[in-house]
Trainee: 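There's a structure below that I have some questions on.
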Amino acid sequence: MTSVPSPVRPKYVGRAVRRKEDARLLRGEGSYIADLKVRGTLHMAVLRSTHAHADLVTVDATAAREATGVVDVLTGTDIPDVGHIPCIDMYPDTKPATHPVLAQGRVRYVGQPIAAVVADSALHASAAAQLIGVEYADLPPVVDLDQAVSENAELLYPQFASNIVNTIAQDVGDCAAAFADADRVFSETFRIHRYGPMPMETRGVLAQVDSVSGRLILYTSTQFPHLVRQFLGGVLDLPESQIRVVAPDVGGGFGGKCEFYPEEVLAPLFARRLRRPIRWIESRAEHMVASSQAREQRHDVRIAISRDGVISAMTVESWTNNGAALCTLATTPASISSAMGRGPYRIPHYRARAHSVVSNKTPLAVYRGAGHPQAALVLERMFDIMAADLGLEPLELRLKNMLTPEELPADRGTDIILAGHVEYDSGDYPRVLTRAAEMIGDADKKAAQQDARNRGKYLGIGFCCFVEETSIGPYESATVRVDSTGKVTLLTGSSPHGQGHVTTFSQLVADELEVPIEDVTVLYGDTDVVRDGVGTFASRSAAMGGAAARRASEAVRDKALRIASHLLEVDVDDLEWRDGGAQVKGSPTSRVELGALSSAATPWNPPLPDGMDWDLAADYRHQAAGIAFANATHAAKVEVDAETGVVDIVDYVVVHDCGTVINPLLVEGQVIGGVAQGIGGTLFEELAYDEQGRPCSPTFNDYLMPTVSDMPWVRTDHFESPSPLNPYGFKGAGEGGAAGAPGALVNAISDALSPLGVSLKSDGPWTPENLLGQIDEG
Ligand code: MCN
């Protein structure tokens, strides 16, 4: 492993430091929304549409208003002036198919909020919600992607001429000429099914009006409290200064909680009307229809390739089923999958058209990996399909087309919304792939396949190589402050919900100031404590929040040295920083400790030299100079029982490069957690709908999540190609596990079953039943 030069001798960075934040959570002392105790709290329930597509003829709340314990009711007609949920990744020409807080005359998916009730208990609130009389006039539901874009499709928004509300174009080089010259052209259609984030803690909110200041306080289970403050201010037309947003412990988000939801508006509306605290906790059944869903796309792909396997051009037309409305991060999956469609390969000519399509399903947004898993699955399946046809080894074909380190940085000529231009910064993709092949035992595959056949099984190996956009801007904030006891506090705009930032950010600060890691406290997730920030998504926190934390610590150390120079009456150049204090070079007994330096920096003491303020603290806002691109290869070895359709993952390898690693233990955990979600999506999970647009998986009995017994022992290896885009070389690690698993597994299953004529063109879910269907067709 190479490592980035550091201004300090790292003591913690690079080490597998155990997570500081876990003891409290493991003891059951976490404080999630449902745990917050506020006297006088009322409870909110939401009445949701049971019809996929209908006009609301009447919404009669008379009986509900009179029901036991009910205090207040709101329907769509009560809040005509409240803004819609903002969509922040709208391209300029996107049709504004945004989501109202409560349905305004029409519902477009099962689960859409129609009315909300507040009562003295959660039970009374939900019982009363059921008394609201809704008369629906059904409209034809539009469920399927192909149906939504067909010529005579029912329009979800009749004011727009089509259900396609946005098309993203990426054009690089001259595809037409390259296809005209090609020896061979391969074309396929791939379908990616719908599944989504299933955090252990469902969503929840608690809103109250502060009795002293009159300000609104919103506790919410979110990944980005500062953005929630901004969105809520916009929707309610309230100055941000009148809003405090707090994300207490958040039990996982996986992208589903970097959305802004109607309940985050409804509870504040009631709190302001009633001057009472209002709580809402999403039930699991609600989560299955009312929280954002993910992934569903169709890709039509064409690749032009020479006889000896050099790819010259690729075109992809894709359609994302965005569901009923564009939510906060609606076009990001389409944007990422179209911009990143060529993965780590050269492919000089490229054309992508990515359509966002509305339908009568729950809105779709980002889920760990956003558009990467889809793009990687499509391209990596194509590699195996083409290799088989051309008589080449899958590995050989990949290596022939893969960008080498000498070709980086590489301007890819595409763009990602909110993130920017795609220019791969650093990495050694061939080395990562080669190492994964070595670890999974690709060279011995034939013997392993024969051994499996002798046992009545079919064995296959599948690879998935990808480059991943991480560490996006626009900035992240950090404040580092030293108090008079010499203890250090970091305030960060990152808002962790399982990633372990308290540990990794403490490592960074402790190294910079050379203090014990126990002396660092990390505060986050409260807009009154941390003045500004962006939040945690897009695997951005290590590179953005971490870089800000380290820069702020560096500034504090420089400030401390200047104070020491004043106190010790020596030139600052004659001082050095050692073990949390400033000392005279060559004279370690002449030193001042951090606590004393902090105590000196107060207005009580003799004036400090000009330009030095009273606080041993520093703010830093780290801005991104570009996107830091991580990369990885996943390699899966599976055995399939062709009689039962059961897939057994016998080995799983991830070789990953997220630049300079802060904490290998946490990075490993991130990768394995992501792989579990990729396995879930590929083998088990599906948010299916029937033809009427009714969800078929309303509970965990129907929506099958992987458990520990479904998990292989994931083996990892890490390379470090520091990113030149931040001073420490960090890249993101949070999504790479999820991005590569579908491609590797589907390739492995296809490889295993190729003797039976199976070549999978979808990411599943490859349940035994579905796979048996393919084997029968094969
Ligand atoms: N890290 C590191 N060295 C690096 C990069 C990262 O040690 N070079 C560490 C970080 O310090 C952090 C963790 O790895 O502790 C993930 O860092 P990063 O890749 O920067 O990602 P974020 O912290 O921004 O987290 C977001 C990412 C995303 S987008 C999803 S989705 C996701 C994920 O993280 N959701 C998660 N991981 C999750 N983990 C848990 N437990 N719960 C979720 O909801």
Side-chain angles (χ1 to χ4, degrees), residues 1 3-4 12-17 19-22 25 196-201 221-224 247 249-259 292 294 329 332-333 336 365-370 372-373 419 468-472 476 492-509 522 524 533-550 628 630 632 656-678 718-723 726 728-739:
M1 295 217 281
S3 67
V4 73
Y12 295 110
V13 172
R15 267 185 45 207
V17 176
R19 288 166 57 121
K20 287 170 71 173
E21 52 270 78
D22 284 358
L25 300 175
M198 296 291 155
M200 279 211 266
E201 184 206 17
S221 186
T222 185
Q223 299 174 220
F224 50 23
D249 285 323
V250 174
F254 307 111
K257 292 178 184 170
C258 62
E259 277 294 312
S292 63
L329 285 166
T332 293
I336 290 180
V366 296
Y367 170 36
R368 205 169 194 174
H372 290 101
E468 184 196 353
E469 163 242 25
T470 70
S471 321
I472 67 166
E476 197 49 274
T492 171
S494 298
S495 197
H497 42 282
Q499 291 85 352
H501 296 172
V502 170
T503 305
T504 46
F505 289 7
S506 294
Q507 289 176 255
L508 295 169
V509 174
V522 180
Y524 56 86
V534 177
T536 294
F537 51 91
S539 300
R540 65 187 300 279
S541 304
M544 299 301 297
R550 209 159 161 180
H656 193 262
D657 182 347
C658 59
T660 308
V661 171
I662 304 170
N663 186 326
L665 185 68
L666 269 69
V667 167
E668 173 124 333
Q670 285 294 311
V671 170
I672 295 172
V675 169
Q677 291 178 304
H718 298 278
F719 291 114
E720 290 188 288
S721 312
S723 172
N726 63 70
Y728 312 104
F730 306 141
K731 299 175 178 183
E735 295 166 280

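All residue numbers in this chain count up from 1 along the given sequence. Whatever order the structure lists ligands and atoms in, that order sets their numbers, starting from 1.
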Trainee: Kindly say whether D657 contributes a backbone atom to a donor-acceptor pair with the side chain of E720 at under 3.5 angstrom?
Mentor: no

Trainee: Just to confirm my output: which protein heavy-atom neighbour is closest to atom 39 (N) of ligand 1, and how far is it?
Mentor: Q670 NE2, 3.3 Å

Trainee: Does any non-hydrogen side-chain atom of Q499 lie less than 4.5 Å from one of S541?
Mentor: no

Trainee: Suppose I only count heavy atoms of V661 and a 4.0 Å limit; which atoms of ligand 1 are within that range?
Mentor: 3 (N), 8 (N)

Trainee: With a cut-off of 4.0 Å, which atoms of ligand 1 are near a heavy atom of E735?
Mentor: 28 (C), 29 (S)

Trainee: Starting from atom 26 (C) of ligand 1, locate the nearest protein heavy atom and write down its residue, its atom name and how far away it is, to 0.1 Å.
Mentor: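 Its nearest protein heavy-atom neighbour is Q499 NE2, 3.5 Å.
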
Trainee: Side chains of E469 and H372: closer than 4.5 Å at any heavy-atom pair?
Mentor: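 A side-chain contact exists here, since the closest heavy-atom pair is under 4.5 Å.
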
Trainee: Quick one, M544 with V534, criterion side-chain contact (heavy atoms from CB on, under 4.5 Å). Give me CA distance, side-chain angles, the key distance, then yes/no.
Mentor: CA-CA 10 Å; M544 299 301 297; V534 177; over 6 Å; no

Trainee: Kindly confirm or rule out an N or O of A543 lying under 3.5 angstrom from an N or O of ligand 1.
Mentor: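 No, A543 has no N/O under 3.5 Å of an N/O on ligand 1.
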
Trainee: Given Y728 and T660, is the side-chain contact (heavy atoms from CB on, under 4.5 Å) satisfied, shown in steps?
Mentor: CA-CA 7 Å; Y728 312 104; T660 308; 5.5 Å; no

Trainee: Does G255 reach ligand 1, in the sense of a heavy atom lying below 4.0 Å from it?
Mentor: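 The answer is yes, since G255 has a heavy atom less than 4.0 Å from ligand 1.
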
Trainee: Look only at the side chain of R368 and the backbone of F254, and say whether a donor-acceptor pair between them is shorter than 3.5 Å.
Mentor: no

Trainee: Report, in ascending order of atom number, the atoms of ligand 1 lying under 4.0 Å from any heavy atom of K731.
Mentor: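 Atoms satisfying the 4.0 Å criterion: 4 (C), 5 (C), 8 (N).
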
Trainee: Does an N or O anywhere in V667 fall below 3.5 Å from an N or O of ligand 1?
Mentor: no

Trainee: Considering only heavy atoms of C658, which atoms of ligand 1 have at least one such atom less than 4.0 Å away?
Mentor: 4 (C), 8 (N)

Trainee: Heavy-atom distances under 4.0 Å are what count here, so tell me which part of F254 touches ligand 1: side chain, backbone, both or neither.
Mentor: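 Contact part for F254 vs ligand 1: both backbone and side chain.
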
Trainee: In terms of residue, atom name and distance, what is the protein heavy atom nearest to atom 22 (P) of ligand 1?
Mentor: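 Nearest protein contact, heavy atoms only, for atom 22 (P) of ligand 1 is S541 OG, 3.5 Å.
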
Trainee: Does an N or O from I662, backbone or side chain, lie closer than 3.5 Å to an N or O of ligand 1?
Mentor: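 Yes: some nitrogen or oxygen of I662 is under 3.5 Å from one in ligand 1.
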
Trainee: Between S539 (side chain) and S471 (backbone), is there a donor-acceptor pair under 3.5 Å?
Mentor: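 Not a single qualifying donor-acceptor pair exists.
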
Trainee: Measure the shortest side-chain to side-chain distance between F730 and T470 over non-hydrogen atoms and say whether it is less than 4.5 angstrom.
Mentor: no

Trainee: State, yes or no, whether a side-chain contact exists between S721 and K731 at a heavy-atom distance under 4.5 Å.
Mentor: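 In short, these two side chains touch, coming nearer than 4.5 Å.
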
Trainee: Between the side chains of E476 and T492, is a donor N or O closer than 3.5 angstrom to an acceptor N or O?
Mentor: no

Trainee: Can you give me the closest heavy-atom contact between C258 and Q223, atom names plus distance?
Mentor: N-OE1, 3.3 Å

Trainee: Is the closest heavy atom of G253 to ligand 1 under 4.0 Å?
Mentor: yes

Trainee: Numbering the atoms of ligand 1 from 1, which are under 4.0 Å from a heavy atom of A538?
Mentor: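 In order of number, 29 (S).
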
Trainee: Considering only heavy atoms from C-beta outward, does the side chain of V13 approach that of L508 to under 4.5 Å?
Mentor: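 Of all side-chain heavy-atom pairs linking L508 with V13, at least one is under 4.5 Å.
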
Trainee: Pull out every atom of ligand 1 sitting under 4.0 Å from any heavy atom of T504, numbered as shown with elements.
Mentor: 7 (O), 10 (C), 11 (O), 15 (O)

Trainee: Nearest to atom 21 (O) of ligand 1, what protein heavy atom do you find, and at what distance?
Mentor: S539 CA, 3.3 Å

Trainee: Does some non-hydrogen atom of G252 fall short of 4.0 Å from ligand 1?
Mentor: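 In this structure, G252 qualifies as a contact of ligand 1 - some heavy atom is under 4.0 Å.
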
Trainee: Do H718 and E668 have side chains that approach each other closer than 4.5 Å (heavy atoms only, starting at C-beta)?
Mentor: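 H718 vs E668: side chains touch.
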
Trainee: Below 4.0 angstrom from a heavy atom of L666, which ligand 1 atoms are there? Numbered from 1 as shown, please.
Mentor: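 This gives 15 (O) as the contact atoms.
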
Trainee: So, is T660 polar-close to ligand 1, with some N/O to N/O distance under 3.5 Å?
Mentor: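 Such a contact does occur with ligand 1.
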
Trainee: Backbone or side chain, does any N or O of A733 fall under 3.5 Å from an N or O of ligand 1?
Mentor: yes

Trainee: Taking 4.0 angstrom as the limit and counting only heavy atoms of H501, give me the atoms of ligand 1 inside it, by number and element.
Mentor: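 Atoms satisfying the 4.0 Å criterion: 12 (C), 15 (O), 22 (P), 23 (O).
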
Trainee: Does any N or O atom in G732 lie less than 3.5 angstrom from one in ligand 1, N or O only?
Mentor: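 No, no N or O pair falls under 3.5 Å.
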
